[in-house]
Amino acid sequence: MTSWPFQEAEKILQEFPNKKEIIFETGYGPSGLPHIGTFGEVFRTTVVVNALKKIAPGIKTKIIAVSDDMDGLRKIPDNVPNQEMLREHLNKPLTMIPDPFGTHQSYGHHMNSLLCKFLDLFEFEYEFRSATECYKSGVYDEKLLLLLKNYDKVMDVMLPSFREERQQTYSPFLPVCPKTSQVLQVPVIETNIDKGTITYEDPNGEKIEVPVTKGKCKLQWKPDWGMRWAAFGVNYEAHGKDLTPSAVLSSQICEILGEKPPLLFCYELFLDKEGKKISKSKGNGISIEEWLTYAPTESLALYIFQSPKKAKRLYFDVIPKSTDEYLEFVKRYHENKDNVLNTESSESSIVIPEFSSVIPVRDTGIQEEKIWIPVSSTADRGANLLLEQRLDNPTWHIHQGNVPNIETSGINFSLLLNLAAACNAENKEILWGFISSYAPNVTPENNKMLDRLSDFAVKYYHDFIKPTKSYKTPNAKEKEALLDLKDTLHSLSTTITAEEIQSQLLSKLKMNELASLLSSRSVDKEICKLPHNLEAEQMLIGAMIRDNRICDAVEDTITAENFYDPLHQSIFTQISKTRKHGIVANELSLKMFFENNQAFTECGGVEYLAKLAAKASIALDIYSLTRIIRDTYLRRCLIKLGQEIVGDSYNYDIENPAQAQIEQAMTKLFNLAVKKQGEKTYIKLASSVKDVVEKISMLKNNPEALGVTTGLQDLNQLLGGLQKSDLLILAARPSMGKTALALNIALNACKMLQKRADKQHYVAFFSLEMSAEQLTARLITIDSGISYYKALTGRISDFELHEFINASTELSELPFIIDDTPALSISALRTRIRLLYQLYNVEVVFIDYLQLIRGTTKRSNENRVQEISEVTQGLKAIAKELNIPIVALSQLSRSVEQRDDKKPQLSDLRDSGSIEQDADIVMFLYREEYYELRKQPNEGNNKHREWQEKMEKIRNIAELIIAKQRNGPIGSVKLYFDSNRGSFKDYTERHSV
């Protein structure tokens with residue numbers, strides 16, 4: 001079996017081969033209401049239990065559902081009543097806070113009741129445990145005293161996970177204040193193992209000694225988790241990805257308490273529609289009640305069952321798809337079941353040990369409980385394969401092996417939704433009218449599932465589809481055609497076939513030409529006019545005629561093509577030409593240019609110009625008019641672009657596949673989005689001088705604001721940071737560390753951008769060679785200081801794992817985007833960079849590496865030099881267009897290896913001289929250590945000693961050669977390079993690293 005619950009069950013049996021009972025645990029934080037994540041954790045645990053029972057029926061199982069109801073209430077959830085009352089009881093254990101709902105003895109008891117009702121509703125099998133009762137009744141006492149005895153060991157585990165200030169105040173024990181009943185977070189002054197007590201200083205400065213048992217203290221979250229595993233003998237627990245660092249620490253604490261930690265299953269978190277983690281305190285995302293309003297429970301269970309290690313967004317759009325997938329899985333399950341029964345060896349024959357050849361399904365360690373599957377023939381093997389397919393079917397896990405046989409006569413949920421939308425169904429009875437006609441033998445009474453789906457479909461339609469529907473008012477011709485169609489439908493016989501109905505309707509459509517009226521290819525001008533505002537055009541032209549100085553004010557923001565009316569385009573153009581020749585543009589001077597213009601004559605000639613000038617006699621907001629005209633122009637461009645995209649999609653061209661068309665469409669759309677006002681292609685010197693003076697003045701007062709930082713001080717001083725619109729080439733021979741250097745610079749830039757007070761800016765890293773996973777692993781090792789090779793092979797200590805996890809948590813918050821799509825063309829790359837720039841405010845782009853980017857023209861495909869030229873010119877154009885630095889990595893030619901002096905030169909740039917020509921900065925990474933290491937002489941002679949001395953001088957030194965800088969000096973920078981971690985630092989740090 002390959003489904004994940006069976007794989008988890010196998011892991012359990014391998015981890016605990018001699019256990020006769022496996023204890024499972026799920027935890028619940030009762031400060032907030034039970035939510036879909038709570039359901040997901042218990043459901044996933046349950047399916048693993050059922051899988052274990054199937055392959056090892058002799059092993060007992062138990063699920064313990066623990067409520068952390070002794071936790072202090074630190075924050076009041078947004079979705080509970082009486083918040084003012086709760087505020088008075090902050091920091092008290094949940095079971096000592098009055099119930100804000102007014103139904104139970106405490107807030108904790110109310111939430112525990114909700115949890116049990118919640119789990120009982122879905123018929124989960126579990127044992128409920130209250131943390132308060134376990135602490136107060138003495139269930140935890142033995143392990144609490146053992147933890148006190150090993151206090152220092154626990155502190156050694158926990159303290160490295162905190163920052164220095166938190167380390168000074170941390171204690172695993174949280175005393176419950178005898179005066180205020182609050183759970184205190186105070187440092188422990190003294191521990192007394194013999195008395196089983198701790199001493200702390202309360203907020204008033206009084207020293208208080210309390211026992212760690214009988215509910216006088218509770219543990220911090222991570223020690224509590226580990227202690228609980230030890231106290232209950234937990235063997236398996238599922239947890240969210242966000243708790244991975246906590247799980248590592250809790251496992252170590254469990255071992256300190258003398259017990260083997262449980263096997264852990266880490267699942268991804270559910271996200272809301274905005275991609276944010278679902279929170280029980282915020283109540284964001286879909287609630288279980290909301291899901292069950294529109295679909296059966298089984299569809300929710302399927303959605304949770306599938307891909308548990310993949311982050312999934314929970315929003316209403318996923319409900320129909322999940323429902324139909326559930327119906328399809330049920331259908332497949334029973335098809336496999338029928339196939340099994342039709343073979344010579346059915347499922348029931350598995351328990352008959354009368355064949356000569358058998359294989360064990362699973363040895364549970366209890367001899368009398370062995371299960372055997374006969375495989376004496378091909379038919380038997382086929383039956384076993386079909387049986388495995390049934391067991392891997394999600395519905396087997398959802399229904400614990402008792403999968404109902406659901407027959408919907410080929411009607412799925414999506415079909416019902418379409419039907420409800422098409423006929424504006426007010427209730428499910430309307431849908432059943434259609435269903436009964438389609439499947440006469442199906443009724444609400446004999447098909448409960450179809451009846452439920454019909455009800456769900458109507459609700460979903462009313463809440464999500466109906467509010468978005470919009471209707472077009474038919475014109476006279478359309479109304480006449482529709483009424484004719486209605487009469488035709490009424491006149492049809494009730495015994496007529498579907499084919500005959502279709503034939504008659506098509507005939508009627510052709511007769512009254514309704515088909516052509518509704519066709520998107522021949523839209524009536526009265527039905528759909530292109531966006532425009534003739535009055536704004538008239539007022540602007542009138543203002544220009546009345547006061548020619550307005551021409552100067554608008555010439556940078558609007559052009560003739562922005563006007564909708566061709567006559568207005570001509571008048572605008574002529575006004576501009578007339579002004580350039582020093583002639584006043586008025587009604588009389590413009591008249592001579594339009595004497596032969598029919599449109600000008602038809603609208604009144606000179607009188608029309610006079611009317612336009614008169615229309616502008618009142619004070620006008622010229623800039624508002626230009627914005628209106630330009631906005632309608634862009635809308636017309638958008639419509640035209642959409643039509644072009646549709647037309648291109650219909651034309652099949654083997655040399656222009658769909659993916660290329662998508663990229664072309666995105667490029668066109670982006671070009672339209674960033675189209676400059678008035679297509680201005682020049683800048684007046686006065687404006688440019690002002691900008692330069694402001695920039696120089698700012699840099700004098702704040703030199704660090706020059707460019708995006710590289711994080712390397714000497715390199716920043718030489719380059720001034722990564723400058724806007726620059727194309728930087730970082731080139732080196734293989735194994736020099738150019739990808740590592742690029743990642744270091746990208747990571748440093750990213751951390752700087754994260755600190756900005758304005759809107760978030762991102763770093764984008766395009767890797768055409770390495771996968772996103774490999775790059776991420778490198779970034780984590782760079783940041784954590786752990787050897788990349790050790791991390792990759794799993795040879796790291798517990799402390800290093802802890803550091804690795806901490807670094808990964810911090811890095812996950814950085815504004816860093818990785819695109820590892822291979823073999824991108826320069827056109828596709830341009831499109832992706834533009835899109836990221838629009839969506840994420842990308843500040844700097846890294847590309848690894850240049851020679852892997854493909855050209856797009858036929859000539860470039862035939863000539864490598866031309867292809868690289870197209871790529872470098874394209875990268876420079878993007879950098880300039882978006883005004884961002886682009887760092888492209890490049891290979892060097894092998895000619896370097898043929899020289900005695902291995903330092904790279906500009907002539908070593910591979911494939912094209914255009915790299916040097918188009919780049920603003922060219923940098924070469926050189927490590928003498930790399931070459932000397934390969935010259936090692938035999939040991940025991942003077943040459944070897946000399947070699948060792950030289951190696952000691954050059955060890956960990958990298959030289960970054962600035963061979964070209966368009967706007968600055970050339971030179972070189974020494975860097976410290978740690979090849980184990982892939983990290984680059986300033987050379988001055990060499991001896992402190």
Side-chain angles (χ1 to χ4, degrees), residues 1-28 36-66 118-119 122-129 225 228-229 232-241 243-244 247 250-251 254 260-270 297-298 300-310 312 329 333 361-366 369 371 387-403:
M1 281 77 77
T2 59
S3 58
W4 69 264
F6 281 114
Q7 292 177 351
E8 289 301 302
E10 286 287 349
K11 291 178 186 177
I12 292 171
L13 293 173
Q14 292 169 9
E15 190 72 18
F16 304 99
N18 299 316
K19 293 282 290 185
K20 295 185 179 181
E21 183 179 28
I22 300 296
I23 305 297
F24 297 76
E25 185 192 61
T26 65
Y28 167 57
I36 209 160
T38 311
F39 173 86
E41 186 166 309
V42 180
F43 171 73
R44 287 176 177 137
T45 303
T46 299
V47 297
V48 175
V49 170
N50 292 332
L52 181 62
K53 288 179 179 178
K54 183 65 178 178
I55 64 174
I59 291 181
K60 295 180 180 179
T61 59
K62 181 196 297 183
I63 298 178
I64 299 174
V66 181
F118 182 81
L119 300 180
F122 301 104
E123 300 181 353
F124 289 122
E125 295 181 5
Y126 66 98
E127 287 186 11
F128 175 76
R129 304 281 174 88
W225 205 11
R228 198 163 70 201
W229 290 340
F232 293 147
V234 176
N235 307 116
Y236 186 92
E237 177 147 358
H239 65 80
K241 184 180 179 181
L243 296 182
T244 298
S250 298
S251 295
C254 184
K260 183 175 181 177
L263 183 65
L264 299 173
F265 176 70
C266 175
Y267 57 81
E268 270 286 2
L269 305 174
F270 286 123
T297 309
E298 296 87 346
L300 173 60
L302 176 65
Y303 190 75
I304 291 174
F305 177 88
Q306 292 181 305
S307 306
K309 291 187 176 291
K310 178 182 177 182
K312 295 185 288 188
F329 277 121
Y333 179 88
V361 175
R362 183 67 196 176
D363 188 340
T364 65
I366 306 171
E369 295 294 345
I371 307 171
L387 175 59
E388 286 189 11
Q389 291 176 354
R390 289 181 62 209
L391 296 179
D392 283 335
N393 188 304
T395 57
W396 185 90
H397 298 277
I398 292 170
H399 294 284
Q400 302 181 30
N402 300 313
V403 182

Between [X] (side chain) and [Y] (backbone), is there a donor-acceptor pair under 3.5 Å?
X	Y	value
Trp225	Cys254	no
Lys19	Ile12	no
Lys310	Glu268	no

message: Around atom CD of Glu125, are there more than 12 heavy atoms from other residues, nucleotides or ligands closer than 6.0 Å?
response: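 12 or below, so no.
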- prompt: Counting only heavy atoms not in Lys309, do more than 12 fall under 6.0 Å of its NZ?
  reply: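 Yes, the 6.0 Å shell around NZ holds more than 12 heavy atoms from other groups.
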To the nearest 0.5 Å, what is the distance between [atom1] ([X]) and [atom2] ([Y])?
X	Y	atom1	atom2	value
Glu127	Ile63	CD	CD1	10.0 Å
Asn235	Ile23	CG	CD1	6.5 Å
Glu25	Glu41	CD	CD	9.0 Å
Tyr267	Thr45	OH	OG1	8.0 Å
Leu269	His239	CG	NE2	10.5 Å
Phe43	Phe124	CZ	CZ	7.0 Å

Is any side-chain heavy atom of [X] less than 4.5 Å from a side-chain heavy atom of [Y]?
X	Y	result
Gln400	Lys53	no
Phe16	Ile59	no
Val234	Arg228	no

task: Under the ring-ring contact (aromatic ring centres under 6.0 Å, His included) rule, collect the residues that match up with Phe6, sequence neighbours excluded.
output: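 Listed in chain order: Trp396, His397.
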Distance-minimising heavy-atom pair for [X] and [Y]:
X	Y	value
Pro261	Ser251	CG-O, 3.4 Å
Phe39	Ala301	CE2-CA, 4.4 Å
Cys266	Thr244	SG-OG1, 3.6 Å
Leu391	Lys54	CD2-CE, 3.9 Å

Aromatic Phe232 / basic Arg129 pairing, under 6.0 angstrom, 45° off normal: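 Judged by the rule, Arg129 and Phe232 form a cation-pi pair.
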task: Determine, for Phe265 and Lys11, whether the Lys NZ or Arg CZ falls below 6.0 Å from the six-membered ring centre while staying within 45 degrees of the axis.
output: no
query: Pick from Thr395, Asn393, Ile398: which one makes a side-chain contact (heavy atoms from CB on, under 4.5 Å) with Val403?
result: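 Only one of Thr395, Asn393, Ile398 forms a side-chain contact (heavy atoms from CB on, under 4.5 Å) with Val403, namely Thr395.
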message: Ring-plane angle category for Phe118 and Phe122, please: parallel below 30°, perpendicular beyond 60°, tilted otherwise.
response: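 Rings of Phe118 and Phe122: perpendicular, as their planes differ by over 60°.
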- prompt: Are Trp4 and Arg44 close enough, and set up right, to give a side-chain contact (heavy atoms from CB on, under 4.5 Å), and what steps lead you there?
  reply: CA-CA 10 Å; Trp4 69 264; Arg44 287 176 177 137; 3.8 Å; yes
field: Worked check of side-chain contact (heavy atoms from CB on, under 4.5 Å) between Glu298 and Leu302
entry: CA-CA 6 Å; Glu298 296 87 346; Leu302 176 65; over 6 Å; no
- request: May I ask you to check whether Tyr126 and Phe24 place their ring centres under 6.0 Å from each other?
  value: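 No; Tyr126 has its ring centre 6.0 Å or more from that of Phe24.
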